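Everything quoted here is computed from the prediction, not taken from an experiment. Note: hydrogens, waters and symmetry copies are ignored here, and every other heavy atom, side chains too, is used.
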Amino acid sequence: MTKILCFLGILLSVSLCVQSWGMYLSWLYIPWVFFIITAAFIAYNIGSEVYLKEFYLRPSIICLLSLLIVGFQLSIDDVLGYSSLNSTIFSGASEYADQAFFSASLFVFSYILGLGQSRNILFRNNSNDTNAKHAKVWLGIMLLTFVLFISTIDVRFFLSGEVYHGSGAADYNYSITNTLEGLYQIFFYVTLACYVKLSSIRGKTEKSFRNFVKEFPLLFWVCVISYLFLRLLSGDRGPIIYNSLAIIYGFIWCTKYRFKLLTVVGCLIVGALFMSFMSTFRSRDSNMSISEKISETTERRAEMDDKSVFSGTKELALSENTHFIAIKDIAKYKTNYSFGKYALFSICSAIPGLKKQYLYDLGFESTEISSADYFTISCNGKDFTHGEGSSMFGEAYLEFGVIGMIIFGLLLGSIFKQLDIALMSTNSISVISLAVILQVSAKAIYMGRTSFAIELSYVLHMIVITCIINFVLKKLFL
């Protein structure tokens with residue numbers, strides 16, 4: 001049943017995407033979203049495996065929610081009169097509304113179809129590659145990196161949030177501080193995976209989060225909480241959400257615990273409101289004290305005319321801007337399809353030490369290397385003051401057009417189904433595999449506003465770094 005609905009949705013989406021130029025079929029938007037939700041509901045309730053039942057915090061569900069918000073919230077706001085696409089995105093955006101809406105639905109239908117993969121293909125390694133000594137070494141590496149990271153911080157620059165500039169949050173101001181922070185994040189996931197796996201082997205948690213926490217050394221929690229507190233002060237929501245969710249998914253993998261639906265929904269609503277608040281908080285004057293920032297942020301949030309079906313996810317939905325830019329630029333022959341170029345450069349950037357600057361030296365433009373750079377410069381020019389970032393929809397369309405929406409949707413759905421299966425599987429897997437599972441699962445809520453190429457580079461970079469260090473450690477003493 002799910003496959004029939006998805007194939008029908010894909011065929012209709014392609015037809016409407018190709019034939020609806022200038023028609024503005026806004027009357028169809030809300031029923032179409034209900035059609036998509038129905039297909040998803042059937043996929044998760046009728047076509048789902050028994051051992052995944054009542055697993056409401058599945059990464060694939062969180063990712064689907066992110067895709068629905070980015071793909072459709074602004075269009076629904078426009079239909080309901082909350083805001084206009086021409087004012088929210090850019091002047092003339094309504095001309096491309098149907099193509100954006102139906103190509104996004106094409107991606108989502110393909111994603112749901114990709115969830116039909118029921119075999120564990122990616123994570124089947126029955127490996128006992130960790131022990132207490134191994135975990136302590138990784139903890140030591142994580143602590144050392146955190147101390148070095150702290151020692152290089154420019155406090156004003158860090159706490160102001162100005163460390164992020166340019167084309168979006170993915171575009172760092174490259175420095176030793178940012179490099180060390182990136183390494184710290186890698187070592188956090190690997191160390192977390194080590195202790196989660198040890199906890200599973202010992203079998204002492206008994207589905208108790210308190211017991212799960214006790215399985216980790218105190219130094220681990222001191223380091224993690226200190227880092228998250230610093231990021232909270234800087235106004236950066238990402239690491240707080242990613243790291244917290246990674247710990248929760250580690251608990252789920254270890255205990256196979258299933259959170260109740262009401263708990264999951266409540267946490268998602270609170271999380272969305274928190275992200276919205278932190279977005280405004282980070283934009284405050286860096287010379288203000290923390291209390292002044294909180295006070296002014298609260299006042300501004302109360303004054304903001306941020307009308308939407310749900311204001312807490314409005315910022316996430318604004319990433320759809322990049323999808324409109326891709327459609328407009330290709331329609332007006334401002335650019336051509338990139339045919340996988342951004343994914344290729346992301347694979348190259350996973351090599352340790354290979355920064356974008358080296359690619360510039362070889363004659364490549366920033367717009368050829370990063371989809372986030374392309375969208376920002378296309379929209380705001382080279383003298384931009386803020387970035388547009390990237391998105392799954394925008395990059396998929398920029399890479400291969402309508403075909404790209406199908407390919408990337410199927411691929412993303414298949415990957416997230418593997419994550420669902422792996423989290424509830426009783427098979428033992430390698431530490432690196434578990435670290436990848438925790439990292440990607442933790443970022444599910446942001447999948448709509450990131451790009452496939454960026455996330456691919458993060459995963460490959462972590463695998464390469466971890467394998468190199470593991471090789472060295474085995475040669476030395478492990």
Side-chain angles (χ1 to χ4, degrees), residues 57 59 62-63 65-66 69 142-143 145-146 149-150 153 155 157-164 168-172 177-178 180-193 196 209 212-213 216 219-252 259 263-284 286 290-291 293-294 297-298 301 312-316 319 389 435 437-450 454-455 458 462:
L57 200 59
I62 307 301
C63 180
L65 181 62
S66 176
I69 291 169
M142 172 185 157
L143 290 171
T145 309
F146 179 69
F149 163 63
I150 293 295
I153 286 178
V155 177
F157 191 60
F158 184 85
L159 296 183
S160 69
E162 293 174 17
V163 65
Y164 295 109
D171 183 19
Y172 266 127
T177 301
N178 304 132
L180 287 169
E181 185 177 14
L183 289 173
Y184 165 78
Q185 283 294 309
I186 291 174
F187 302 148
F188 161 77
Y189 287 114
V190 177
T191 305
L192 176 65
V196 166
F209 191 73
F212 174 74
V213 169
F216 291 76
L219 277 175
F220 174 84
W221 295 117
V222 170
C223 182
V224 170
I225 293 171
S226 298
Y227 172 74
L228 295 184
F229 181 70
L230 282 172
R231 270 302 171 202
L232 180 64
L233 293 180
S234 73
D236 187 5
R237 305 142 294 169
I240 300 171
I241 295 168
Y242 303 152
N243 290 189
S244 300
L245 282 174
I247 292 167
I248 292 172
Y249 279 121
F251 172 68
I252 290 174
F259 289 93
T263 302
V264 173
V265 172
C267 289
L268 288 174
I269 293 174
V270 171
L273 294 173
F274 170 75
M275 286 191 291
S276 182
F277 178 87
M278 291 303 293
S279 171
T280 310
F281 177 86
R282 189 170 70 179
S283 65
R284 302 299 87 216
S286 60
I290 300 301
S291 59
K293 281 187 176 184
I294 293 174
T297 298
T298 303
R301 294 294 305 172
T313 56
K314 182 68 175 288
E315 190 198 2
L316 179 61
S319 296
I437 290 168
L438 298 179
Q439 182 197 41
V440 180
S441 297
K443 292 188 175 182
I445 190 61
Y446 266 140
M447 278 297 156
R449 71 176 300 174
T450 187
I454 289 172
E455 295 308 316
Y458 288 159
M462 182 170 73

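- Remark: Leu438 CG to Ile248 CD1 distance equals 11.5 Å, nearest 0.5 Å.
- The two residues Ser66 and Leu316 come nearest to each other via the heavy atoms OG-CD2, 4.3 Å.
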Carefully, step by step, assess Phe149 and Gln185 under the rule side chain to side chain contact (heavy atoms under 4.5 Å, CB included). CA-CA 11 Å; Phe149 163 63; Gln185 283 294 309; over 6 Å; no
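- Between the side chain of Tyr249 and the backbone N or O of Leu57 there is at least one donor-acceptor pair closer than 3.5 Å.
- The shortest heavy-atom contact between Phe216 and Val196 is CZ-CG2, 3.9 Å.
- By the side chain to side chain contact (heavy atoms under 4.5 Å, CB included) test, Leu65 is found to be paired with Ile69, Leu268, residues two or more places apart in sequence or in another chain being considered.
- Considering all non-hydrogen atoms of both residues, Ala193 and Ala435 come closest at CB-N, 3.7 Å.
- The nearest pair of heavy atoms linking Leu228 to Ser244 is CD1-OG, 4.3 Å.
- Partners of Leu219 by side chain to side chain contact (heavy atoms under 4.5 Å, CB included), not counting sequence neighbours, listed by chain and number: Leu143.
- When side chains are defined from C-beta on, Met447 counts as touching Val440, because their heavy atoms get closer than 4.5 Å.
- The CG atom of Leu232 sits 12.5 Å away from the CD1 atom of Ile225 when rounded to the nearest 0.5 Å.
- Contact of the Leu180 side chain with the Phe146 side chain is not registered, since no non-hydrogen atoms from C-beta on lie closer than 4.5 Å.
- To the nearest 0.5 Å, atoms SG (Cys223) and CD1 (Ile150) are separated by 8.5 Å.
- For Ile247, the side chain to side chain contact (heavy atoms under 4.5 Å, CB included) test picks out Phe188, Leu192, Phe209, Phe212, Trp221, Val224, with sequence neighbours left out.
- Note: Leu245 CG to Gln439 CD = 13.0 Å, rounded to the nearest 0.5 Å.
- Of all heavy-atom pairs spanning Thr450 and Glu455, the tightest one is OG1-OE2, 3.0 Å.
- Within the 4.5 Å cutoff, the side chain of Val222 has heavy atoms near those of the Ser226 side chain.
- Taken to the nearest 0.5 Å, the CD1 atom of Ile241 stands 13.0 Å off from the CZ atom of Arg231.
- Between Tyr446 and Tyr242, the ring-plane angle classifies as perpendicular under the 30° and 60° cut-offs.
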